[in-house]
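What follows is a short report on a single structure.
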Amino acid sequence: MDQINYFEVLNALGDGVVCIDNTKRITYCNHKAMSILGMDIDRILLTDIEDVFNVSTVVDGSIISKLVDYVFATGKQTGLKPGSYIVNNHRAVKYLSASFSRLVADDAPPIVVINFRDITDFIRLEKQLVHQKENLQLILDSLPLGIMIVNENRTVGSYNTYINKRFKVGSIVTGDSLVGNILKCENAVDRLCGLGEQCVTCPLRFQLLDSAYNTGKYETLHKQFHHIIDDKIISCDYRISFLSIKENEMAKTLLILQDITSQIEYEETISLARKNAVEASHMKSAFIANMSHEIRTPLNGIIGMIDLTCRSLQQPELIENLEIAKSSSESLLSLINNILDLSKIEVGKMPVHQKEFFAMQIFRDVVNEYKFKAKEKNLEFTLDVSSLINIKIISDPGKIKQILINLIYNALKFTEYGYVKVEGYMSDDNLIIKVMDTGIGIDDSFKEKLFASFTQGDDTYTRRKGGTGLGLTISSQLIKLLKGRIKFESQVGKGSIFIVTIPVKRASLNVIDDIGDTPLEQIYNGQVLLAEDDVINQMVISRQLEMSGYNVTVVNNGKEAIERYNHYHFDLIIMDIQMPVMNGLEAVEFIRKQDKTTPVVALTALALKNEKEEIMSYGFDRFIAKPVDLKVLSDLVSNLISKKKFVNFEVTSKSFDVHKILSSLSKSLKVKNCKLIDQSIDLLRENFEEEHINTLLFKMKMGLRKENYEQMASYLEAITEILIE
């Protein structure tokens with residue numbers, strides 16, 4: 001190869017090449033060398049090596065002259081120490097690796113050839129890797145977790161500071177020690193891990209073995225370990241995680257230990273606390289149930305005797321006084337019911353009873369109850385449910401009624417001037433209840449806790465008005481039970497608007513459907529056996545039934561009831577549940593073994609959990625709670641004793657179809673077709689001789705003149721109920 005080709009080869013190399021004569025001057029420099037040094041050929045050739053290629057180290061300073069002298073003198077090849085660098089013409093630090101060789105040609109002085117490479121990027125990468133490794137180790141050491149790398153033979157390759165401190169590893173050498181020895185497992189004391197009797201079933205050993213053959217599989221187990229550290233047995237619960245990894249092409253396991261002893265203890269404490277809370281709740285429920293009976297029984301007597309006394313009085317002043325006493329008693333009963341309802345909701349024992357009913361009837365019943373209160377306060381009290389005429393829905397009417405009662409009661413209580421307006425309408429498949437008032441309003445600071453238990457707004461005002469603050473709380477809970485929602489708007493001094501949305505199902509409307517639990521019918525006389533231990537209740541109930549035309553036999557307990565039942569015939573039995581000597585459940589159980597047909601009504605103040613279902617399971621036909629609504633009791637007795645549930649009426653015209661006429665009348669009311677309404681009423685009046693029906697039809701006729709469609713719809717419901725077959 002000639003000289004030109006030789007230099008072309010050198011210029012094509014990826015390493016820098018510099019030749020130095022015995023005076024330490026540069027006689028040759030290839031292109032790569034010039035690039036590394038940051039100089040052109042004119043500045044490099046015949047320049048002293050120390051001026052151009054001044055290689056240094058942090059410890060030794062400049063070392064280039066020493067290396068060149070050494071190679072010239074010995075002829076041995078040498079290289080640069082790690083960390084050797086130059087500062088090139090661009091003031092850039094370049095880390096180098098190089099070899100120094102002496103060449104001797106024929107009839108020519110020797111030269112030193114320096115072959116060098118820029119390894120700055122490699123040094124920088126190496127430093128980064130070192131820093132990353134150090135940072136990773138810092139992270140691992142700062143974790144509140146134990147980290148281990150375990151080899152296939154269960155020896156520990158490395159671990160973090162947590163393992164070292166917690167288990168006081170000390171001088172144990174990694175690579176030789178087994179996992180159990182590092183962890184100071186009690187089964188590995190004075191022996192190798194795996195040789196103890198308990199090691200045969202150790203889940204940690206099996207999991208490590210499984211992990212060695214399943215790469216990428218993440219497993220976790222909960223294990224309680226007993227460690228012997230400083231000759232003390234320490235028991236701890238751990239969550240241990242396993243992850244198969246590779247290190248230097250070797251299959252290993254990353255083992256993570258998390259001490260969950262405090263968590264387990266906390267969970268056990270919570271579990272015990274929950275158990276105690278449930279027991280306390282049961283005790284509270286039992287106490288409230290017993291107190292319910294003790295309070296409701298005398299309260300029943302108070303309200304009942306007031307009713308009976310009012311019937312026999314003529315003096316308005318005395319009647320008014322008794323009405324006030326009755327109102328106070330009913331307020332006390334409402335308070336008791338609220339507390340009991342709240343207790344039932346809290347323990348999740350408030351069932352939802354789905355049934356079909358006319359939506360308008362609920363609104364009308366509640367508003368009628370509060371008309372007198374609104375009149376006393378001289379408030380405008382209106383109801384708009386015109387869009388609900390003949391709309392039948394499926395939901396829990398009792399709970400919807402209670403929601404309405406609470407909202408209307410609050411509106412009337414906190415409104416001194418102006419009006420209270422109630423609206424009811426359907427929006428898609430939702431029943432909307434809207435109650436508006438011009439009352440005191442709700443302060444912004446109180447709105448967030450409005451539905452909390454036992455809280456009220458303006459203390460000064462509510463202290464005068466009374467109340468427990470339970471009404472809205474119970475209403476909001478009942479709305480949640482019905483999957484509904486409540487919202488409100490309010491301004492202090494201007495009033496409030498409460499809007500309740502309750503999802504319901506629409507029932508198919510049939511005007512001959514049963515629209516009430518108690519049909520309008522004549523009372524059927526009969527023999528009634530009343531088993532009740534409270535003297536006042538005996539007097540109230542027996543007098544009410546006797547005034548309704550029944551013969552009543554009174555006994556004091558279940559044993560006496562059985563004795564009378566065995567010797568006399570009774571059309572119906574009313575049985576109190578909690579009585580001395582023999583309670584009502586035992587008595588009815590005895591009676592039902594002989595008689596499956598005689599109606600038996602449960603009379604009780606029990607009102608929590610599933611008492612009703614349990615009581616009914618003994619064979620009762622109906623259930624009525626104390627304090628007893630005497631009218632409801634009379635109607636209930638009438639229903640059960642009557643041999644025919646509905647009264648039959650003769651139709652004078654053979655071609656007359658009562659169902660079609662009623663259906664036509666119902667549709668006419670919906671569209672307010674006065675002509676068809678009038679024709680249907682006349683046709684019904686011509687074909688019925690029964691006085692009560694004709695009275696209702698006449699009232700419908702009068703209502704048509706005033707275009708009072710809501711009132712006419714209520715009369716139609718009553719007529720339909722009478723004519724059900």
Taking it one step at a time, do S177 and V156 satisfy side-chain contact (heavy atoms from CB on, under 4.5 Å)?
-> CA-CA 6 Å; S177 299; V156 178; 5.6 Å; no
Are the side chains of [X] and [Y] in touch, meaning some heavy atoms are under 4.5 Å apart?
| X | Y | value |
| --- | --- | --- |
| R117 | L96 | no |
| L37 | N89 | no |
| V113 | V18 | no |
| I502 | I400 | yes |
| F242 | L204 | yes |
| D141 | Y162 | no |
| I20 | I114 | yes |
| L482 | S395 | yes |

Are D259 and R239 close enough, and set up right, to give a salt bridge (Lys or Arg N to Asp or Glu O under 4.0 Å), and what steps lead you there?
-> CA-CA 7 Å; D259 187 347; R239 181 180 290 113; over 6 Å; no
Check the pair I440, V492 against side-chain contact (heavy atoms from CB on, under 4.5 Å), reporting the backbone distance first and the verdict last.
-> CA-CA 6 Å; I440 62 173; V492 175; over 6 Å; no
Worked verdict on D51 versus T47 for side chain to side chain donor-acceptor pair (under 3.5 Å) | CA-CA 7 Å; D51 294 335; T47 304; over 6 Å; no
In terms of heavy-atom contacts, does [atom1] of [X] have more than 12 from other residues, nucleotides or ligands at under 6.0 Å?
| X | atom1 | result |
| --- | --- | --- |
| N135 | CG | yes |
| Q263 | CD | yes |
| R166 | CZ | yes |
| I233 | CD1 | no |

Audit row: L431, I393, side-chain contact (heavy atoms from CB on, under 4.5 Å) steps and yes/no | CA-CA 9 Å; L431 175 64; I393 60 176; 4.0 Å; yes
Report yes or no: does [X] contribute a side-chain atom to a donor-acceptor pair with the main-chain N or O of [Y] at less than 3.5 Å?
| X | Y | value |
| --- | --- | --- |
| T438 | K494 | no |
| T74 | K76 | yes |
| S490 | I442 | yes |
| N276 | E279 | no |
| S427 | N430 | no |
| R102 | V68 | no |
| N30 | V17 | yes |
| N160 | L140 | yes |
| H227 | F167 | no |
| N88 | G38 | no |

Approximate separation, where rounding is to 0.5 Å, of [X] [atom1] and [Y] [atom2]:
| X | Y | atom1 | atom2 | value |
| --- | --- | --- | --- | --- |
| I270 | L272 | CD1 | CG | 9.5 Å |
| I26 | D48 | CD1 | CG | 8.0 Å |
| D237 | F225 | CG | CZ | 10.5 Å |
| S97 | L80 | OG | CG | 7.5 Å |
| C29 | M39 | SG | CE | 9.5 Å |
| S271 | I264 | OG | CD1 | 11.5 Å |

Taking every non-hydrogen atom, the tightest pair across [X] and [Y]:
| X | Y | answer |
| --- | --- | --- |
| P109 | N22 | CB-ND2, 4.2 Å |
| K434 | I497 | CG-CG2, 4.1 Å |
| I149 | L254 | CG1-CD1, 4.3 Å |
| F72 | D21 | CZ-O, 3.3 Å |
| T27 | L45 | O-CD2, 3.4 Å |
| I163 | V169 | O-CG2, 3.6 Å |

For the pair [X] and [Y], find out whether any cationic side-chain nitrogen is under 4.0 Å from an anionic carboxylate oxygen.
| X | Y | result |
| --- | --- | --- |
| D69 | K24 | yes |
| K94 | D118 | yes |
| D15 | K32 | no |
| D121 | R124 | yes |

Please name the residue in the list K133, Q128, E134 that meets the side chain to side chain contact (heavy atoms under 4.5 Å, CB included) test with V130.
-> E134
Pair Y238 + H222: ring centers closer than 6.0 Å = no
For this output row, return yes or no: ring centroids of F53 and F116 closer than 6.0 angstrom.
-> yes
Contacts of type salt bridge (Lys or Arg N to Asp or Glu O under 4.0 Å), residue R25, not counting sequence neighbours |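 Listed in chain order: nothing, the list is empty.
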Could you please spell out the steps behind the side-chain contact (heavy atoms from CB on, under 4.5 Å) verdict for F100 and I64?
-> CA-CA 10 Å; F100 294 74; I64 188 65; 3.6 Å; yes
